[in-house]
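All chains are named by letter (A, B, ...) in the order of the sequence lines, taking the proteins before the strands, and each is independently numbered beginning at 1.
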Protein chains: 2
Amino acid sequence: MSNPDNLPRKAPVALEDCGAARALDVVPDRWTWLILRHLMYGVGRFADIQDDIGIPKSVLSARLAALVDQGLADKQPYRDGTARTRHAYVLTRKGRGLVPVILALMHWGDTHLKDGESALALTDRRTGAPLRVALTPEDAALPLRRLRYRPVQGRTG
Amino acid sequence: MSNPDNLPRKAPVALEDCGAARALDVVPDRWTWLILRHLMYGVGRFADIQDDIGIPKSVLSARLAALVDQGLADKQPYRDGTARTRHAYVLTRKGRGLVPVILALMHWGDTHLKDGESALALTDRRTGAPLRVALTPEDAALPLRRLRYRPVQGRTG
DNA sequence: AAGGCTGAGTTCATTTGTCAAACCCTGATA
DNA sequence: TATCAGGGTTTGACAAATGAACTCAGCCTT
């Protein structure tokens with residue numbers, strides 16, 4: 001984005017004015033991102049998240065509380081069959097807004113840390129066309145509700 | 001992405017196969033993201049980064065070494081005017097690949113943590129059209145070299 | 001040649017956060 | 001009434017972050 005000579009000495013946007021910098025106060029660490037990834041898939045039960053990502057219970061508890069606190073997730077009661085009432089964490093609208101960030105990160109990881117193939121296919125729910133999160137003209141941006149994802153079979157690593 | 005009943009109990013993609021999860025091993029924390037943000041703007045000198053984001057020198061040193069180690073940044077010598085040879089950290093291609101992630105995060109922060117106005121305007125270098133990082137059909141995705149950014153005046157918070 | 005300045009670190013003591021295991025609480029069921 | 005399981009909280013050992021002090025090398029001045 002710049003050659004080594006004639007280097008800018010400071011960022012064009014100060015940290016206080018930068019949405020990315022502010023977002024990092026809300027989602028500062030690896031665990032929080034991994035939790036959000038699970039919530040994105042609708043996996044919202046405490047034990048399910050804990051088992052899958054291997055986070056200590058105390059940390060998961062703190063992170064979930066922070067997410068609820070900041071309005072990214074809600075703690076909702078639900079009933080599974082005949083059992084008693086349980087609770088699940090569900091993304092709010094604000095939390096769902098981070099889905100493109102996670103998908104952009106996934107695309108980068110698939111491209112640069114794997115073989116370039118994603119384990120998740122993204123398509124347009126309406127047209128079936130393949131989708132990505134990428135730089136695009138504003139008027140070509142699609143709303144999240146158009147997104148359908150499907151795991152790709154047989155790809156491992 | 002799912003209603004509370006009939007919850008999925010696990011993510012459709014295992015962590016080992018997920019590009020996002022792998023990416024988080026490379027960029028696990030707030031400091032690393034803030035450093036990448038500066039490198040994105042071409043701010044690559046140790047002291048400039050340190051002063052601007054308020055990171056302890058020991059941590060900055062370790063993070064920059066990790067970024068170089070993982071091939072996201074290079075340490076390049078350069079000369080500024082009559083002074084002696086210095087070094088600056090510059091994103092590699094792999095590192096530049098994270099720019100859309102940072103821009104997506106910025107968009108989310110601008111929308112949900114500020115007043116919805118960005119402090120940075122993104123336009124198409126060729127057509128001048130406003131750009132965003134968003135969900136889009138694959139064939140509407142633009143390469144990064146089409147991106148031009150310009151700080152927006154007078155907006156503070 | 002001696003001394004000083006500066007950018008870019010390293011070292012170190014202290015505080016803070018993470019981890020895993022053990023414990024607790026609540027509501028449904030036997 | 002006792003028991004059981006999910007969903008936590010508490011605990012104490014351990015690792016990482018912090019900020020101040022220190023180091024080091026190269027250029028600049030004298």
What's the [atom1]-[atom2] distance between [X] and [N], to the nearest Å?
{"X": "A/Gln50", "N": "C/dT18", "atom1": "CD", "atom2": "C1'", "result": "14 Å"}
{"X": "B/Asp51", "N": "C/dT6", "atom1": "CG", "atom2": "P", "result": "14 Å"}
{"X": "B/Arg30", "N": "D/dT18", "atom1": "CZ", "atom2": "P", "result": "9 Å"}
{"X": "B/Asp29", "N": "D/dA17", "atom1": "CG", "atom2": "P", "result": "7 Å"}
{"X": "B/Arg86", "N": "D/dC28", "atom1": "CZ", "atom2": "P", "result": "10 Å"}
{"X": "B/Ile35", "N": "C/dG9", "atom1": "CD1", "atom2": "P", "result": "12 Å"}
{"X": "B/Asp48", "N": "C/dG7", "atom1": "CG", "atom2": "C1'", "result": "10 Å"}
{"X": "A/Leu60", "N": "C/dA20", "atom1": "CG", "atom2": "P", "result": "13 Å"}

Closest listed nucleotide, where the reference is the side chain of B/Pro56 and the choices are D/dG19, C/dC19, D/dG7: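 Output: D/dG19.
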When you measure from the side chain of [X] to the backbone N and O of [Y], does any donor-acceptor pair fall under 3.5 Å?
{"X": "B/Thr136", "Y": "A/Ala134", "answer": "no"}
{"X": "B/Thr111", "Y": "B/His107", "answer": "yes"}
{"X": "A/Arg125", "Y": "A/Leu147", "answer": "yes"}

Please enumerate all residues that pass salt bridge (charged side-chain N to carboxylate O under 4.0 Å, His left out) together with A/Asp25, with sequence neighbours excluded.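 A/Asp25 satisfies salt bridge (charged side-chain N to carboxylate O under 4.0 Å, His left out) with B/Arg30 once adjacent residues are dropped.
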Quick one: do B/Leu113 and A/Lys94 satisfy side chain to side chain contact (heavy atoms under 4.5 Å, CB included)? Show the steps, please. CA-CA 10 Å; B/Leu113 305 175; A/Lys94 184 174 176 183; 3.9 Å; yes
Partner set under side-chain contact (heavy atoms from CB on, under 4.5 Å) for B/Ala14, not counting sequence neighbours: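 Applying side-chain contact (heavy atoms from CB on, under 4.5 Å) to B/Ala14 gives B/Glu16, B/Asp17.
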Strictly below 4.0 Å: does A/Tyr89 bring a side-chain N or O up to OP1 or OP2 of D/dG7?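 Indeed not, no polar side-chain atom of A/Tyr89 lies that close.
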D/dA16 OP1/OP2 closer than 4.0 Å to side-chain N/O of B/Trp31: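 It does not, given that no N or O in the side chain of B/Trp31 lies less than 4.0 Å from OP1 or OP2 of D/dA16.
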Looking for any heavy atom pair under 4.0 Å, which part of the strands does A/Arg63 touch: base, sugar-phosphate only, or nothing?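 Touches sugar-phosphate only.
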Electrostatic pair A/Asp51:B/Lys10 at N-O distance under 4.0 angstrom: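 Answer for the salt bridge query: no.
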Just the table, please: protein N/O against nucleotides 10-13 of chain C N/O, every pair under 3.5 Å.
residue: C/dT10; atom: OP2; partner: B/Ser61; partner atom: OG; Å: 2.7

